[in-house]
Amino acid sequence: MISINSKLPHTGTTIFTVMSKLAEEHKAINLSQGFPDYDCNPKLLNFVNDAMQKGFNQYAPMPGLPVLRELIAEKVSNLYGASYHPNTEVTITAGGTQAIFTALSSCINSGDEVIIFEPAYDCYAPAIKLLGGLCKPYELAPPNYEIDWEMVKKLFTANTKMIILNSPQNPTGCTLSEKDIKALIKLTKNTDILILSDEVYEHIIFDDNKHRSIALYPELRERSFIVASFGKLLHATGWKMGYCLAPEQLMKEFRKVHQFNVFSVNTPMQLGIANYLKDPETYTSLPGFFQQKRDFFRSLLMETNFKLLPCNGSYFQCVSYAHLNKEKDTDMAIRLVKEYGVASIPVSAFYIRTTDHQVLRFCFAKKQETLEKAVERLMKL
């Protein structure tokens with residue numbers, strides 16, 4: 001046998017793969033993994049197909065097609081009043097996860113400490129460990145998952161290199177408040193601490209609230225990588241298309257890694273997306289589209305024995321069952337698949353220490369009939 005010294009010895013298959021596979025085996029309704037079960041707009045498909053037919057099938061420039069980068073810079077300027085130069089401060093990536101990994105790879109060295117807020121999207125901690133960094137989690141608790149910034153301050157050391165934010169957050173659906181932003185500005189002032197802001201759900205925010213992008217705040221923008229996803233925006237998660245925004249100094253380092261990782265991403269899709277996004281309604285209509293789904297799903301879940309937690313953004317609804325039993329959330333999630341035919345994600349999977357608050361996450365980016373069938377089964381619990 002060949003001996004391999006694993007860089008991630010305690011890391012197994014992601015919970016998303018595990019639960020989706022289990023759902024397939026038991027023919028369960030899959031509300032676990034975050035992807036829609038409906039098609040994206042035919043106009044978008046036509047734009048991509050047209051680009052292929054016209055011969056745009058070779059390498060794109062390393063940072064992405066200029067037309068798409070220019071459109072993104074215009075979009076960010078219109079939404080947040082922030083100026084990013086398309087030539088030097090916008091890069092098209094192979095999805096949000098690749099952008100996150102590349103941003104971390106460009107600046108995290110052995111011994112650097114990175115603060116994350118848990119429950120956290122599961123790619124953050126492994127990437128930090130791979131790079132020799134130290135992940136310092138700050139654990140949030142239901143129902144509101146509020147941040148105590150005085151406690152966060154106690155995590156700071158001379159080795160603190162970065163803070164990772166995610167708003168709207170996966171899995172909780174919570175969003176950063178103005179109070180949170182002011183506290184973050186105060187904590188990072190006169191420091192060299194970087195910010196990685198995961199904003200892949202920026203357009204899925206509810207109740208007439210506005211997304212507080214880091215791009216809105218000059219004091220934070222100057223030290224931040226901002227990651228966004230076309231998969232969430234276009235209902236096309238399988239295309240793995242996203243982008244990163246950063247000031248020129250940071251983006252220069254980002255591109256050094258990007259060019260030796262994926263180099264460039266799908267050319268015809270870039271052109272198709274650029275043509276599709278020329279109509280701002282493609283993203284300004286998303287809050288209303290997903291709020292209808294959230295409200296519909298929540299109204300159905302109110303007929304079950306679960307307790308609903310707040311959902312201010314993203315397309316995930318978390319529920320508590322702590323009042324029903326003391327079953328581990330992983331066991332509960334597996335039992336829901338096997339006995340009731342509905343797949344969810346146990347939220348303990350989003351904590352390094354697998355902290356279990358007996359909370360499950362459901363994805364409501366589904367057809368109305370899918371949600372109805374799922375809740376019909378959950379009502380039997």
Side-chain angles (χ1 to χ4, degrees), residues 44 47-48 50-52 54-108 123 127 131 162 164 194-200 202-203 213-215 218 220-234 236-278 280 282-283:
L44 173 60
F47 281 132
V48 173
D50 186 58
M52 290 180 177
K54 289 181 176 176
F56 293 93
N57 299 302
Q58 308 310 322
Y59 293 124
M62 182 268 285
L65 293 180
V67 63
L68 182 55
R69 286 184 279 128
E70 289 165 6
L71 192 145
I72 290 168
E74 182 182 347
K75 168 177 170 285
V76 172
S77 177
N78 291 338
L79 289 175
Y80 309 123
S83 178
Y84 285 92
H85 199 290
N87 289 343
T88 56
E89 299 179 321
V90 182
T91 300
I92 311 302
T93 64
T97 302
Q98 185 249 313
I100 290 166
F101 189 86
T102 302
L104 288 167
S105 300
S106 68
C107 58
I108 299 301
C123 82
L131 298 165
M162 178 181 279
I164 300 182
L194 301 173
I195 292 170
L196 173 52
S197 186
D198 180 351
E199 302 184 19
V200 300
E202 64 174 322
H203 297 297
S213 173
I214 293 302
L220 300 178
R221 191 166 68 232
E222 67 180 8
R223 64 177 73 243
S224 298
F225 297 95
I226 298 176
V227 171
S229 167
F230 289 122
K232 308 300 186 294
L233 190 156
L234 304 172
T237 60
W239 289 7
K240 296 301 294 177
M241 298 285 289
Y243 59 92
C244 182
L245 307 170
E248 184 175 358
Q249 180 185 4
L250 296 181
M251 186 56 73
K252 189 177 293 184
E253 298 305 313
F254 182 96
R255 289 180 178 178
K256 288 179 184 178
V257 177
H258 176 77
Q259 68 182 337
F260 296 118
N261 185 359
V262 297
F263 180 72
S264 64
V265 300
N266 194 297
T267 302
M269 285 181 180
Q270 287 193 57
L271 189 58
I273 290 170
N275 285 320
Y276 183 67
L277 291 183
K278 286 177 181 176
T282 56
Y283 47 89

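Side-chain contact between L196 and L194 is absent, with no heavy atoms from C-beta onward closer than 4.5 Å. The closest side-chain heavy-atom distance from L131 to S105 is below 4.5 Å. Side-chain contact between F225 and F254: present, with at least one pair of heavy atoms (C-beta onward) separated by less than 4.5 Å. Contact check for R255 versus M62: side-chain heavy atoms found under the 4.5 Å cut-off. With a 4.5 Å cut-off on side-chain heavy atoms, I92 and I72 count as touching. Put simply, the side chain of H203 reaches to within 4.5 Å of the side chain of L79, judged on heavy atoms. Residues N57 and M52 are in side-chain contact: their nearest non-hydrogen atoms beyond the backbone lie under 4.5 Å apart. Residues T93 and V262 fail the side-chain proximity criterion, which asks for heavy atoms closer than 4.5 Å.
Shortest non-hydrogen contact noted between A94 and Q98 is N-OE1, 2.6 Å. The two atoms that bring M251 and L245 nearest to each other are CE-C, 3.9 Å, heavy atoms only. Across L104 and M162, no two heavy atoms sit closer than the pair CD2-SD, 3.6 Å. Across every non-hydrogen atom of I214 and S197, the tightest pair is CG1-OG, 3.3 Å. Contact between A215 and V76 at its shortest, heavy atoms only, is CB-CG1, 4.4 Å.
For the atom pair CG (L234) and CG (L44), the distance works out to 5.5 Å, reported to the nearest 0.5 Å. To the nearest 0.5 angstrom, L250 atom CG is 9.5 Å from E89 atom CD. The distance from atom CD of E70 to atom NE2 of H85, rounded to the nearest 0.5 Å, is 9.0 Å. Rounding to the nearest 0.5 Å places OG1 of T91 at 10.5 Å from CD of Q259.
In summary, of the residues considered (E199, R221, E202), a side-chain hydrogen bond (donor to acceptor under 3.5 Å, both in side chains) with S213 occurs for E199 alone.
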Would you give me the side-chain donor-acceptor pairs under 3.5 Å for residues 263-277, sequence neighbours excluded?
{"from": "S264", "atom 1": "OG", "to": "A60", "atom 2": "O", "distance (Å)": "3.4"}
{"from": "N266", "atom 1": "OD1", "to": "M269", "atom 2": "N", "distance (Å)": "3.0"}
{"from": "T267", "atom 1": "OG1", "to": "Q58", "atom 2": "O", "distance (Å)": "2.4"}
{"from": "T267", "atom 1": "OG1", "to": "A60", "atom 2": "N", "distance (Å)": "3.1"}
{"from": "Q270", "atom 1": "OE1", "to": "L65", "atom 2": "N", "distance (Å)": "2.7"}
{"from": "Q270", "atom 1": "NE2", "to": "V265", "atom 2": "O", "distance (Å)": "2.9"}
{"from": "N275", "atom 1": "OD1", "to": "K278", "atom 2": "NZ", "distance (Å)": "3.1"}
{"from": "N275", "atom 1": "ND2", "to": "L271", "atom 2": "O", "distance (Å)": "3.3"}
{"from": "Y276", "atom 1": "OH", "to": "N41", "atom 2": "ND2", "distance (Å)": "3.4"}

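Although no hydrogens or angles enter the test, the distance criterion places no donor-acceptor pair under 3.5 Å between the side chain of S224 and the main chain of I226.
Atom CD of E222 has more than 12 heavy atoms from other residues, nucleotides or ligands within 6.0 Å.
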> Hey, mind stepping through K252 and T88 against side chain to side chain contact (heavy atoms under 4.5 Å, CB included) and telling me if it holds?
Replying inline: CA-CA 8 Å; K252 189 177 293 184; T88 56; over 6 Å; no
